[in-house]
Protein chains: 4
Amino acid sequence: MNEEQWLEELLKFSEEDGKFSEKQLKILEAAIEMFAEKGYAATSTSEIAKRAGVAEGTIFRHYKTKKDLLLAIVTPTLLQSVAPFLAKEFAKEVFEHQYEHYEDFVRTVWKNRYKFVKKYLPAIRVFWQEIAFHAEIKKQLEVVFMEHVYEKFKKIVEYFQERGEIADFPVESVIRLTVTTIAGFFATRFIIMPDYEWDDEAEMERTIQFLMNGLRKKGA
Amino acid sequence: MNEEQWLEELLKFSEEDGKFSEKQLKILEAAIEMFAEKGYAATSTSEIAKRAGVAEGTIFRHYKTKKDLLLAIVTPTLLQSVAPFLAKEFAKEVFEHQYEHYEDFVRTVWKNRYKFVKKYLPAIRVFWQEIAFHAEIKKQLEVVFMEHVYEKFKKIVEYFQERGEIADFPVESVIRLTVTTIAGFFATRFIIMPDYEWDDEAEMERTIQFLMNGLRKKGA
Amino acid sequence: MNEEQWLEELLKFSEEDGKFSEKQLKILEAAIEMFAEKGYAATSTSEIAKRAGVAEGTIFRHYKTKKDLLLAIVTPTLLQSVAPFLAKEFAKEVFEHQYEHYEDFVRTVWKNRYKFVKKYLPAIRVFWQEIAFHAEIKKQLEVVFMEHVYEKFKKIVEYFQERGEIADFPVESVIRLTVTTIAGFFATRFIIMPDYEWDDEAEMERTIQFLMNGLRKKGA
Amino acid sequence: MNEEQWLEELLKFSEEDGKFSEKQLKILEAAIEMFAEKGYAATSTSEIAKRAGVAEGTIFRHYKTKKDLLLAIVTPTLLQSVAPFLAKEFAKEVFEHQYEHYEDFVRTVWKNRYKFVKKYLPAIRVFWQEIAFHAEIKKQLEVVFMEHVYEKFKKIVEYFQERGEIADFPVESVIRLTVTTIAGFFATRFIIMPDYEWDDEAEMERTIQFLMNGLRKKGA
DNA sequence: AATGAATGAGTATTCATTCAT
DNA sequence: AATGAATGAATACTCATTCAT
């Protein structure tokens, strides 16, 4: 029972905080694992019930449909994905000089998200697989990103551009290059080649060095 | 019949070149579209038959199982994905100074793969979605990549590293950074935000500039 | 519900005694009837469902495959077929002089099996039709026959041979002649010519007379 | 081509004598084998085509339906089954004292049918399996038996009954006992226990001895 | 809340048969 | 005569969901 703590943590962003029974957690855990392994469409509710150790009907007592079960996994994952940007103190931290350089910011985000990816990898897999096929999820992502992430990220980028620290690319391009460089590492590291022997610390250093050089303002 | 030319081209890497009947092409086209839209597992053979305008039994005359149909799509896509590296003249082009700089090489790959992605986007979606769930596909990719892409790429990187043009990162890291930077653009451009108004030419310039700066040897 | 008593009786030899729900009995009854009429391979599960008055899925909730359903019919039938020999008191009855002559034994078996055949004819038809095509069923029959029937039968034959009552044929031949004579009647009576007007009592008398004369020791 | 002689022989009783092409024989041979192995309903026409080495359509050029193919096998088998009784000289042979005793007659039938069973076993299996499920076949059998076998057999039995050689059972009973005794041996020998080590000569002697003693008139 | 038997629409696949070549 | 691609109805079996207990 203690084992499911990671799940409770993942879920703590969803509104219905705290109301998860033991069986409900077992169901969610089983569903995450199986969706990650075989995909949502290829996983049957009876398999989930079996792995969760509950009766078939029990799943539907908690989630009206199979899709509701997917959304119950995917929504908290989405929120956790952008968690740092949701925190109220986040912007303050940046502008009150906790981050003297863009690199400090990147480094903080990197480390924070590295832990996140490692911890919730199965849920993240589910999220990224299913987003392609479920328009609602994609919509949710867009809304959350535009409302909570983009604006803050933009201000940060503009702040360091004004200080002449990073190149005068359009903000969107800087954000995109930052995000795809970090996400590109995570994708390679955890999904495409998880079995390769990674020196995570060294690869992070190289990647951040690459990113900062890539974004550095010419002549600076 | 003329419409399916793109399909025939996509398929031309598979060994059984040229033996595709009209119905077979219709089936493949319908399957690619639907797998891209809803995913392999969520697409039924009866839907494919309907969209292809053939009887359901006809699908199974050409492909013993639904999975065979998937592989018939995914295998040529894999091969086309790494097509430039499969060409015999490719290495020559690089070392006989067609590419004076790493940037020329990157630029050529970029343009070539840009056309490819635009043309075969649905098939590529299918490939990248399903690779996660079908171990055989992932294995195929690994084999093709290691045998045909990695060795050639490595020589190119080492060549330009020796000439002091790019940083002394491990070859694997250079390859990864190059690939994820390019792929990161394509993913954002065509999959995550296809509806955004992209200035492809400008974004390519920026991204390549970012990549070259990121990889440039310090002090060079 | 009362009607299915014959079925419950047939099934009482299978280990899972007593756990048959009403729907399960309906399914078994329908399956026996249809397999007997058209054969296992020519009977579809949807027809069985229809005749049993249940949904098709219900069949598969109780029997994982169509073949499991066949075995659920055939195994108890096999056991009931050799029922008298499975009874513990059986050997005793013979040797403690309940049967003074081989003829008494034959007569008892005949009457007992006559009732059995009349009662369970459809299940028996299924058994004998399908044994030809399913190696597992044939194997089961061999095992049950050798373990439970052959040894006891052999002792009985040897007992009456020693007493000079029946001919000194090899035991196997005596058993075969006895069995095929009885079975030959049942086959003709119930399967080949069920519509002929039989005088069962008289035909039994003649057949037993024929059998006893055929087996009588010369000079006795 | 030479191999199929047994087939041509089997077929020579059917009216369309002599018009069998090579492919047609291959189809019939394949069909007999597969029907015997798996049963008519469980054998697909495509399997038959494959084993016969012809295209699927070819079967239907020769036999309008799958059932026609079955009948093409079963009808000659039926006729060959009762062949001796169909011969014009047969009755004569008996009454012109070629058979001095009923035993001679039985012995001749036995040997003749023994060869027949050995030669055409697969076709016979098909016949006996499928008769249970196809009313037309059963009807055919009844007609042939009543018209060609029963009458002649009856005369023979009555002839020997008048001569006091065999018991005064009803003729039908004598016929039934004779037939089931012989058929009981064949069934055990070739179908139920084909792998047992049989001493055919000795078993025939015993069985005929049993049969003759069983039928002998008391006091004779 | 939890169960698990029951459902019936849906699934991938097979089949006997047709027909243009 | 022979082929084999094409058909669409049928097949065994699975599924998400419901509901009485």
Side-chain angles (χ1 to χ4, degrees), chain A residues 21-24 26-27 40-50 52-69, chain B residues 21-24 26-27 40-50 52-69, chain C residues 21-24 26-27 40-50 52-69, chain D residues 21-24 26-27 40-50 52-69:
Chain A
S21 74
E22 195 189 334
K23 300 234 166 195
Q24 212 166 345
K26 284 256 173 75
I27 290 167
Y40 168 76
T43 303
S44 75
T45 49
S46 84
E47 285 172 296
I48 295 169
K50 207 173 290 167
V54 304
E56 287 196 59
T58 307
I59 292 177
F60 291 90
R61 192 146 290 280
H62 291 288
Y63 304 95
K64 271 218 297 265
T65 67
K66 190 187 169 193
K67 188 135 192 185
D68 280 358
L69 177 55
Chain B
S21 74
E22 196 188 335
K23 302 237 166 193
Q24 212 166 344
K26 284 252 175 77
I27 290 167
Y40 168 78
T43 303
S44 76
T45 51
S46 83
E47 288 172 296
I48 296 170
K50 210 170 290 168
V54 304
E56 207 172 345
T58 307
I59 292 176
F60 291 91
R61 179 155 287 276
H62 291 289
Y63 305 94
K64 274 215 291 268
T65 65
K66 190 186 168 194
K67 187 136 192 185
D68 279 0
L69 177 56
Chain C
S21 73
E22 194 189 335
K23 301 234 166 196
Q24 213 166 344
K26 284 253 174 79
I27 290 167
Y40 168 78
T43 303
S44 74
T45 50
S46 83
E47 288 172 295
I48 296 170
K50 210 170 290 168
V54 304
E56 205 171 346
T58 306
I59 292 176
F60 291 92
R61 179 156 288 278
H62 290 289
Y63 304 94
K64 273 216 289 272
T65 64
K66 191 187 167 192
K67 187 134 193 185
D68 279 0
L69 177 55
Chain D
S21 73
E22 194 188 336
K23 301 233 167 196
Q24 213 166 345
K26 284 254 172 78
I27 290 167
Y40 168 78
T43 302
S44 75
T45 50
S46 84
E47 286 173 295
I48 296 170
K50 207 172 291 167
V54 304
E56 288 196 57
T58 306
I59 291 176
F60 291 89
R61 193 146 290 279
H62 291 288
Y63 304 95
K64 272 219 296 264
T65 66
K66 190 187 169 193
K67 188 134 193 187
D68 280 358
L69 177 54

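Per chain, numbering begins at 1; letters A, B, ... match sequence-line order.
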Could you state the atom-to-atom distance from [atom1] of [X] to [atom2] of [N] in whole Å?
X: I48(C); N: dA10(F); atom1: CD1; atom2: C1'; result: 15 Å
X: Y63(D); N: dA16(E); atom1: OH; atom2: P; result: 16 Å
X: E56(C); N: dT11(E); atom1: CD; atom2: P; result: 15 Å
X: Q24(B); N: dA6(F); atom1: CD; atom2: C1'; result: 13 Å
X: R61(A); N: dA16(F); atom1: CZ; atom2: P; result: 18 Å
X: K26(D); N: dA2(F); atom1: NZ; atom2: P; result: 12 Å
X: Y40(B); N: dA12(E); atom1: OH; atom2: C1'; result: 9 Å
X: K64(A); N: dC19(F); atom1: NZ; atom2: P; result: 14 Å

Have a look at T45(C) and say if it touches a base, only the backbone sugar-phosphate, or nothing, with a 4.0 Å heavy-atom cut-off. base
Determine the contact category for T58(A): base if any of its heavy atoms lies under 4.0 Å from a base atom, sugar-phosphate if only primed atoms, P, OP1 or OP2 are that close, otherwise nothing. base
If you assign K67(C) and V54(D) each to the DNA chain F nucleotide with the nearest heavy atom, which residue ends up on the more 5' nucleotide? V54(D)
Taking for each residue the nucleotide of DNA chain F bearing the nearest heavy atom, is the 5' side occupied by S46(A) or by S46(C)? S46(C)
Nearest to the [X] side chain among [options], which nucleotide is it?
X: K23(D); options: dT17(F), dT3(F), dT13(E); result: dT3(F)
X: H62(D); options: dA2(F), dA1(E), dT11(F); result: dA2(F)
X: S44(C); options: dA12(F), dC15(F), dA6(F); result: dA12(F)

Who is the Watson-Crick or G-U wobble partner of dA20(F), with both distances under 3.5 Å? dT3(E)
Given that both distances must come in under 3.5 Å, which nucleotide forms a Watson-Crick or G-U wobble pair with dT14(F)? dA9(E)
To the nearest 0.5 Å, atom CG of L69(C) lies from atom CD of Q24(C) at 10.0 Å
CD1 (I59(D)) and NZ (K23(D)) are apart, to the nearest 0.5 Å, by 11.5 Å
Kindly indicate, with the supporting measurements, whether the criterion side chain to side chain donor-acceptor pair (under 3.5 Å) is fulfilled by T45(C) and E56(C). CA-CA 7 Å; T45(C) 50; E56(C) 205 171 346; 2.9 Å; yes
In short, I27(C) meets Y63(C) closest at the heavy-atom pair CG2-CE1, 4.3 Å
Which heavy-atom pair separates A42(B) from E47(B) by the least distance, and what is that distance? O-OE1, 3.9 Å
Position toward the 5' end of DNA chain E (nearest nucleotide), S21(A) or F60(D): S21(A)
